[in-house]
Colleague: 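Pasting in a structure now, in structure tokens, and then I'll have a few things to ask.
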Amino acid sequence: MKEITNCSLLRYNTFGFDVKARCMMEYDSEEDLQRVLERVRTAYAGCPVLHIGGGSNLLFRTDFDGVVLHSAIRGITCDSLTSDTVRLRVGAGVVWDELVAYCVEHHYCGLENLSLIPGEVGASAVQNIGAYGAEAKDFISGVEAVELATGEKRFFSTADCRYAYRQSVFKQELRGRYAVTYVWFDLSTAFVPNLDYGGIRRELEAEGIATEHLRPADVRRVVMNIRRSKLPDPAQTGNAGSFFMNPVVEKSVYEEWIRRYPDMPHYEVDTEHVKVPAGWMIDRCGWKGRSLGRAAVHDKQALVLVNRGGASGAEVLALSDAIRASVREKFGIDIRPEVNIIG
Ligand code: EPU
């Protein structure tokens, strides 16, 4: 167990805000987590507790006057389920992209479309991360977690997790109540490429790779190239990926919009709902590349807000509020932040 008081969170949030927590505790096993929880109950009774992952989806408005918990539970163990499926049990503290690289190397297929997403495995199960036509929930077969208040272990089936677009029970009813310790993934050893989204097929064709010779490593490389061309590297420019969620609206609302904006991109969600890219709306409102103080809208993808250097969480939120007001005025909808706002 690691305990640091008055801890800088600079390296624990990809926005690069120089904020502090009253205390930070890190654990590397379930037993260690029990010791941490006991310490929180005795030394920090009544203090707010925040469990973080890689800090890639967090916005600290200000210093956090409470205890920040972080999992360093690592390790990937593998069980064969059938001749063509494997189940992995993965520690919550494993870096997400290291898991994807491991799977691609071992020809365990499915996660390759989710390459290069920042963050850790525990948060992937809370956030239901997604990109390029895949979501973590498509592969998660269970989540092991510990209740912070009691230390009790609980296993969540995929159904218990109540997954939806960027949502889970851990972000809703059980928000802040559990620490994810291990996530189970069911993957296939037979490769069925998922190429229909976001220009993957086009890029592969440009590289001249025939579909029958395609390997998960090819999809991973192409996804990494597309992401690098659109999204800022948090090691260089502070950001938290998509700042807003894409709004899901009723078809009648979408039909009204498409009459006014015939080039509006959209994705069918079900027979009654359509998802519209918030990035396109923000772009249409003229925000792409614009700054407000030391916060800015990324010049290649308007869904991403960046810290131009030295910005505070409050500055980024002021930019977010201004963008939301523009989108509300032009499209009549309130787009919601995807990042978790703390404080
Ligand atoms: N678009 C614009 N202008 C922009 C941004 C987007 O016109 O500034 C248009 C694009 O041309 C495209 C559409 O909007 O037609 C969608 O854009 P993109 O494919 O870049 O995806 P997105 O919907 O903006 C989502 C995820 C990303 C993920 C990509 C690719 C959310 C909130 N975001 O973005 O996830 O990488 O799809 O699958 O669903 C993240 O969550 O941090 C993240 C980066």
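In listed order, ligands and their atoms are each counted from 1.
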Colleague: Protein heavy atom under 4.0 angstrom of atom 11 (O) of ligand 1, is there one?
Modeller: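 For atom 11 (O) of ligand 1 the answer is no, since every protein heavy atom stays at 4.0 Å or beyond.
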Colleague: At the 4.0 Å heavy-atom cut-off, does R227 count as touching ligand 1?
Modeller: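 In this structure, R227 qualifies as a contact of ligand 1 - some heavy atom is under 4.0 Å.
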Colleague: Looking only at heavy atoms, which two atoms of A131 and I117 are closest? And how far apart?
Modeller: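 Of all heavy-atom pairs spanning A131 and I117, the closest is CB-CD1, 4.0 Å.
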Colleague: Just heavy atoms, cut-off under 4.0 Å: does K300 contact ligand 1 by side chain, backbone, both, or neither?
Modeller: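 No part of K300 is near ligand 1 at this cut-off.
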Colleague: If you measure every N/O of A302 against every N/O of ligand 1, is any gap under 3.5 Å?
Modeller: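 N/O-N/O distance below 3.5 Å exists for this pair.
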Colleague: Any salt bridge linking E268 with K251? Criterion: basic side-chain nitrogen under 4.0 Å from a carboxylate oxygen.
Modeller: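 Result for this pair is yes, salt bridge flagged.
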Colleague: With a cut-off of 6.0 Å (strictly less than), are more than 12 heavy atoms of other residues, nucleotides or ligands near CZ of R227?
Modeller: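 Yes, enclosed.
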Colleague: Which ligand 1 atoms, with their elements, are less than 4.0 angstrom from a heavy-atom of P265?
Modeller: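 With P265 as reference, the close atoms of ligand 1 come out as 15 (O).
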Colleague: Looking only at protein heavy atoms, which one is nearest to atom 9 (C) of ligand 1, and what is the separation?
Modeller: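 The closest one turns out to be W280 CB, 3.9 Å.
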Colleague: Who gets closest to atom 16 (C) of ligand 1 by heavy atom: Y132, Y267, F243, Y165?
Modeller: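 The residue whose heavy atom sits nearest atom 16 (C) of ligand 1 is Y267.
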Colleague: Mark up the atoms of ligand 1 that fall under 4.0 Å of a heavy atom belonging to P277, in ascending order.
Modeller: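 Going through ligand 1 atom by atom, the ones under 4.0 Å from P277 are 13 (C), 14 (O), 16 (C).
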Colleague: I'd like to know if atom 29 (C) of ligand 1 has any protein heavy atom within a distance of less than 4.0 Å.
Modeller: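 Within 4.0 Å: no protein heavy atom nearby.
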Colleague: Heavy atom of R284 under 4.0 Å from ligand 1?
Modeller: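 For ligand 1, residue contact (heavy atoms, under 4.0 Å) with R284 is absent.
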Colleague: Would you say the side-chain atoms of R175 and N340 include a donor-acceptor pair closer than 3.5 Å?
Modeller: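 R175 vs N340: donor-acceptor pair found between side chains.
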Colleague: With heavy-atom distances below 4.0 Å as the criterion, list the atoms of ligand 1 near E338.
Modeller: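 Result: 32 (C), 40 (C), 41 (O).
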Colleague: Pick whichever of V297, N246, D263 has a heavy atom sitting closest to atom 23 (O) of ligand 1.
Modeller: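 Closest candidate by heavy-atom distance is N246.
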Colleague: Around atom CZ of R41, are there more than 12 heavy atoms from other residues, nucleotides or ligands closer than 6.0 Å?
Modeller: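 Yes, because the 6.0 Å sphere around CZ of R41 holds more than 12 heavy atoms from other groups.
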Colleague: Starting from atom 34 (O) of ligand 1, locate the nearest protein heavy atom and write down its residue, its atom name and how far away it is, to 0.1 Å.
Modeller: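 Checked against all protein heavy atoms, atom 34 (O) of ligand 1 sits closest to L303 CD2, 3.9 Å.
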Colleague: Which atoms of ligand 1 are found less than 4.0 Å from any heavy atom of F244?
Modeller: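 Once the distances to F244 are compared, the set is 32 (C).
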Colleague: Nearest protein heavy-atom contact for atom 26 (C) of ligand 1: which residue, which atom, what distance?
Modeller: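 Result: R166 NH2, 3.4 Å.
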Colleague: Can you list the atoms of ligand 1 that are under 4.0 Å from a heavy atom of Y197?
Modeller: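 Taking each heavy atom of Y197 in turn, ligand 1 has 30 (C), 37 (O), 38 (O) under 4.0 Å.
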Colleague: When you look at CZ of R328, are more than 12 heavy atoms from neighbouring residues, nucleotides or ligands closer to it than 6.0 Å?
Modeller: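 More than 12 heavy atoms, drawn from other residues, nucleotides or ligands, come within 6.0 Å of this atom.
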Colleague: Decide, yes or no, whether a salt bridge links D233 with R228 under the criterion of side-chain N to carboxylate O below 4.0 Å.
Modeller: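 Result for this pair is no, no salt bridge flagged.
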Colleague: Could you list the atoms of ligand 1 found under 4.0 angstrom from a heavy atom of A131?
Modeller: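 Listed by number with element: 28 (C), 36 (O), 38 (O).
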Colleague: Between D63 and K20, is there a salt bridge with N-O shorter than 4.0 Å?
Modeller: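 No salt bridge links K20 with D63.
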Colleague: Going from CE on M264 to CZ on F331, what distance comes out if it is rounded to the nearest 0.5 angstrom?
Modeller: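 So the CE of M264 and the CZ of F331 are separated by 5.0 Å.
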Colleague: Is atom CD of E329 surrounded by more than 12 heavy atoms (other residues, nucleotides or ligands) closer than 6.0 Å?
Modeller: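 Counting other residues, nucleotides and ligands, CD of E329 stays at 12 neighbours or fewer.
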Colleague: If you count every heavy atom of other residues, nucleotides or ligands that lies below 6.0 Å from R260 atom CZ, does the total exceed 12?
Modeller: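 Yes - once you tally the heavy atoms of other residues, nucleotides and ligands closer than 6.0 Å, there are more than 12.
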Colleague: Please list the nearest protein heavy atom to atom 20 (O) of ligand 1 with its residue and the distance rounded to 0.1 Å.
Modeller: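 Ranked first by proximity to atom 20 (O) of ligand 1 is Q301 NE2, 2.9 Å.
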Colleague: Give the atom numbers and elements of ligand 1 that come within less than 4.0 Å of a heavy atom of G241.
Modeller: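 Every atom of ligand 1 under 4.0 Å from some heavy atom of G241: 42 (O).
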Colleague: Taking the six-membered ring for Trp, are F185 and Y108 closer than 6.0 Å centroid to centroid?
Modeller: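 No, ring centres 6.0 Å or more apart.
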Colleague: Classify the angle between the aromatic ring planes of W184 and F155 as parallel (below 30°), tilted (30 to 60°) or perpendicular (above 60°).
Modeller: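 Rings of W184 and F155: tilted, as their planes differ by 30° to 60°.
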Colleague: With heavy-atom distances below 4.0 Å as the criterion, list the atoms of ligand 1 near D283.
Modeller: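 With D283 as reference, the close atoms of ligand 1 come out as 2 (C), 3 (N), 4 (C), 7 (O), 8 (O).
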Colleague: For atom 19 (O) of ligand 1, what's the nearest protein heavy-atom neighbour? Residue, atom name and distance, please.
Modeller: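 Ranked first by proximity to atom 19 (O) of ligand 1 is K230 NZ, 3.7 Å.
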Colleague: Hey, is W287 one of the residues with a heavy atom under 4.0 angstrom from ligand 1?
Modeller: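 No heavy atom of W287 comes that close to ligand 1.
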Colleague: Where on S242 is there a heavy atom closer than 4.0 Å to ligand 1, on the side chain, on the backbone, on both, or on neither?
Modeller: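 Both of them.
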Colleague: Under the salt bridge (charged side-chain N to carboxylate O under 4.0 Å, His left out) test against R221, which residue among E203, E207, E112 passes?
Modeller: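 The residue from E203, E207, E112 that satisfies salt bridge (charged side-chain N to carboxylate O under 4.0 Å, His left out) with R221 turns out to be E207.
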